[in-house]
Amino acid sequence: MCAFHPWDITLDEAIQLQRKLGSLVVMVNPESETASLKCSLIAGVDTVESSDGTAIYGGVVIWDREKEVVVEQSSARTSALFPYIPGLLAFRELPAIIRALEGLERTPHAVICDGHGLAHPRRFGLACHLGVLLNISSIGCAKNLLTGNCDQPGHERGEASPIIDGNEIIGVALRTQRGVKPVYVSIGNRVSLEEAVSIVLTCTVKYRLPEPIRMAHRLVTELRRGES
DNA sequence: GCGACAG
DNA sequence: ATCTTGTCGC
């Protein structure tokens, strides 16, 4: 079982938990900028369901963005205890992700998540949830918007436009490659939005999605193939 | 009430 | 997420 807090809870309890933990998000990197630049180990996490939907495969890959190679990976399989509900994704995916992370020997500088961080109705998406529970730096990198609106960013790699919800900027739409759809980057925990964007950009060498996310996706998909 | 809705 | 073959392009 996972520590931290229960995962087999009701919908109302999950929402209250998000409101409670939301105040613990740290929107800056406590480490110095110079120190963060030296850290090249970035992890990506992802999950996939078993074909019958009763199990979750979680995977994590640590990517060295300087050498551009995978240096470590870990995975886990857990029972699915919570349904997929937009806004409550963390309660379905995090148990498997956390168990996968516990299998790592190295400590990455930051973890990129396949989903939102602050760009969430209650400002507490999966990336925030993971970062707060483990007290680590985390980044949300989603393929679609959940809440808020934004203009289309310029078509060149690196161009971005803010995601606005009400009167606050909750993330950015970021063009990671020329001519591809943008990804939606937001703060998870212990990073600034600027550093989150920088990390995502340095990890998108060739494709739309950050390399650590692509590798983690590949890992869990392969696990399901061989165990279903 | 109606539409939107990460993976 | 998933249903799904070929096909256009580097």
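Per chain, numbering begins at 1; letters A, B, ... match sequence-line order. Being a predicted model, the structure only gives us computed values, none of them experimental.
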- request: Output, in order, the C-alpha distance, side-chain angles, deciding distance and verdict of side-chain contact (heavy atoms from CB on, under 4.5 Å) for S79(A) and T54(A).
  value: CA-CA 6 Å; S79(A) 297; T54(A) 62; over 6 Å; no
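Annotation: salt bridge (Lys or Arg N to Asp or Glu O under 4.0 Å) contacts of E211(A) (sequence neighbours excluded): R214(A). Looking at residues two or more places apart in sequence or on another chain, you find a ring pair (Phe, Tyr, Trp, His ring centres under 6.0 Å) between H129(A) and H5(A), W7(A), F91(A), F124(A).
Pairs of residues two or more places apart, or lying in two chains, that qualify as salt bridge (charged side-chain N to carboxylate O under 4.0 Å, His left out) and include a residue from residues 129-155 of chain A are D114(A)-K143(A). Residue pairs satisfying the salt bridge (charged side-chain N to carboxylate O under 4.0 Å, His left out) criterion with at least one member in residues 166-189 of chain A, sequence neighbours excluded, are listed as follows: R123(A)-E168(A), E156(A)-R178(A). Within the structure, side-chain hydrogen bond (donor to acceptor under 3.5 Å, both in side chains) contacts touching residues 81-92 of chain A (residues at least two apart or in different chains) are E49(A)-R92(A).
Side-chain atoms of Y57(A) and R77(A) include a donor-acceptor pair closer than 3.5 Å. Side-chain contact annotation: T202(A) with R65(A), donor-acceptor N/O pair under 3.5 Å present. Between the side chains of R122(A) and Q18(A), at least one donor N or O sits under 3.5 Å from an acceptor N or O.
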Just the table, please: protein N/O against nucleotides 5-7 of chain B N/O, every pair under 3.5 Å.
unit_1, atom_1, unit_2, atom_2, d
dA6(B), OP2, Y84(A), OH, 2.7
dA6(B), N7, G87(A), N, 3.0
dA6(B), N6, G87(A), O, 3.1
dA6(B), N6, L88(A), N, 3.4
dA6(B), N6, L89(A), N, 3.2
dA6(B), N1, L126(A), N, 3.1
dA6(B), N3, H116(A), N, 3.0
dG7(B), OP1, K143(A), N, 2.8
dG7(B), OP1, K143(A), NZ, 3.2
dG7(B), OP2, N144(A), OD1, 3.0
dG7(B), N7, Y84(A), OH, 3.3

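In this structure, Y184(A) belongs to a hydrophobic cluster whose other members, linked by side-chain heavy atoms under 4.5 Å apart, are L145(A), I163(A), I170(A). The hydrophobic cluster containing Y207(A), built from Ile/Leu/Val/Met/Phe/Trp/Tyr side-chain heavy atoms closer than 4.5 Å, comprises no other residue. Applying the under-4.5 Å side-chain rule to Ile, Leu, Val, Met, Phe, Trp and Tyr, the cluster around V28(A) extends to V26(A).
Between chain A and DNA chain C, the heavy-atom contact criterion of under 4.0 Å yields a 5' to 3' nucleotide range of dA1(C) to dT2(C).
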query: How does DNA chain C look in dot-bracket form if you count Watson-Crick and G-U pairs under 3.5 Å, write [ ] for pairs that cross, and put | where a base pairs with another strand?
result: ..........
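In DNA chain B, no run of at least 3 consecutive Watson-Crick or G-U pairs with both distances below 3.5 Å is found.
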